[in-house]
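Structure first, commentary second.
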Amino acid sequence: MIDLSPKIQEALNNQIANEGFASNFYLALAYWCDDQALEGCKKFFLRQAEEERMHMMKIYEYMSESGVHPKTSAIPQVPIEYSNIQEAFKKVFDQERSVTQSIHNLLSLAMEENDYNTQQFLQWYVDEQREEEAVIRTILDRIRIIGDGAQSLYYIDKEIEKINMTVIASASNQNGE
Ligand code: FEO
């Protein structure tokens, strides 16, 4: 059994809600893309939604292993409409930046509280956020290069599908599959 201070418990419960929000955010985006006939983007966002759910579940498990009952809080409504895919990816970047900030705040709190187990646990999230931000930056760069000509949507969608396959392959390699 690991001791988690009340402050850390509250912050972890908040992070459960943040990761749940992120999962719903991507799920809503996937079906916005479905409406726009952007199949490559839809697959990318569906995989992201699953990943975020896994991020959330890891916190449930960590709290439970520590002998604490995790809270399942209400998750605010996520955005469901976007003007275009360029705007959608900019919002994705902002969303990931805000999750990164909340992980960093949590880590600072764990340091203040001399909670070494939580610091160790959060390190995985620090790495994961860095990788996620890097992927979204790559996508924003590609979108900029492709531009917004008549066929840009077709090429953006193909490019995102390729990036999605690369992320899947890299995750399989890391898991030794
Ligand atoms: Fe788990 Fe990308 O936030």
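We count ligands from 1, going down the list as the structure has it; atoms in each ligand are counted the same way.
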How wide is the angle at atom 1 (Fe) of ligand 1 between OE1 in E52 and OE1 in E19, to the nearest 10°? 90°
Taking 2.8 Å as the cut-off, does an N/O/S atom of E96 lie below it from atom 1 (Fe) of ligand 1? no
K58 and E61, any side-chain heavy atoms less than 4.5 Å apart: no
How far apart are the C-alpha atoms of E96 and F25, what are their side-chain angles, what is the distance that settles it, and do they pass the side chain to side chain contact (heavy atoms under 4.5 Å, CB included) test? CA-CA 11 Å; E96 287 300 340; F25 174 83; over 6 Å; no
N/O/S atom of E132 inside 2.8 Å of atom 2 (Fe) of ligand 1, strictly under: yes
So, D141 and R144, do they make that salt bridge, N to O below 4.0 Å? yes
Ring centres of F89 and F45 under 6.0 Å apart? yes
H55: its N/O/S atom lying closest to atom 1 (Fe) of ligand 1 (atom name): ND1
